[in-house]
Amino acid sequence: MLFTKDCQGISYRLVCHKCYDILMSGGYDGQYYDERDERIDDDY
């Protein structure tokens, strides 16, 4: 079992060796995001 990494290099989820190669084929697991995506409320 290996942890995949998200676009920021943070551990994302635990997967098997076969699935790891498939999920990490794009360089990271999941969707790309930046600090603008982490804002919860407009007035925050």
Side-chain angles (χ1 to χ4, degrees):
M1 302 291 281
L2 298 168
F3 279 102
T4 60
K5 305 284 185 192
D6 68 0
C7 64
Q8 302 294 326
I10 301 169
S11 297
Y12 189 65
R13 60 180 155 178
L14 190 62
V15 297
C16 68
H17 290 278
K18 187 190 313 182
C19 295
Y20 181 84
D21 291 333
I22 295 167
L23 293 170
M24 294 298 288
S25 64
Y28 56 87
D29 188 9
Q31 295 181 325
Y32 181 79
Y33 67 92
D34 59 19
E35 66 275 354
R36 292 174 291 171
D37 296 318
E38 295 190 17
R39 195 171 70 188
I40 298 169
D41 296 323
D42 289 334
D43 60 347
Y44 179 66

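No experiment lies behind these values; they were computed from the predicted model shown.
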Check your understanding: Who pairs with D21 by side-chain hydrogen bond (donor to acceptor under 3.5 Å, both in side chains), at least two apart in sequence or on another chain?
Key -> none

Practice item. Provide the full list of salt bridge (Lys or Arg N to Asp or Glu O under 4.0 Å) pairs with a residue in residues 7-20, sequence neighbours left out, each pair given once. Key: R13-D29

Check your understanding: So, for H17 and M1, which heavy atoms are closest and what is the spacing to 0.1 Å?
Key -> NE2-N, 3.6 Å

**Study point:** Separation between CG of D6 and OH of Y32, rounded to the nearest 0.5 Å
**Key:** 10.5 Å

Revision key, fill the gap. Apart from M24 itself, members of its ILVMFWY cluster (side-chain separation under 4.5 Å) are L2, V15, Y20, L23

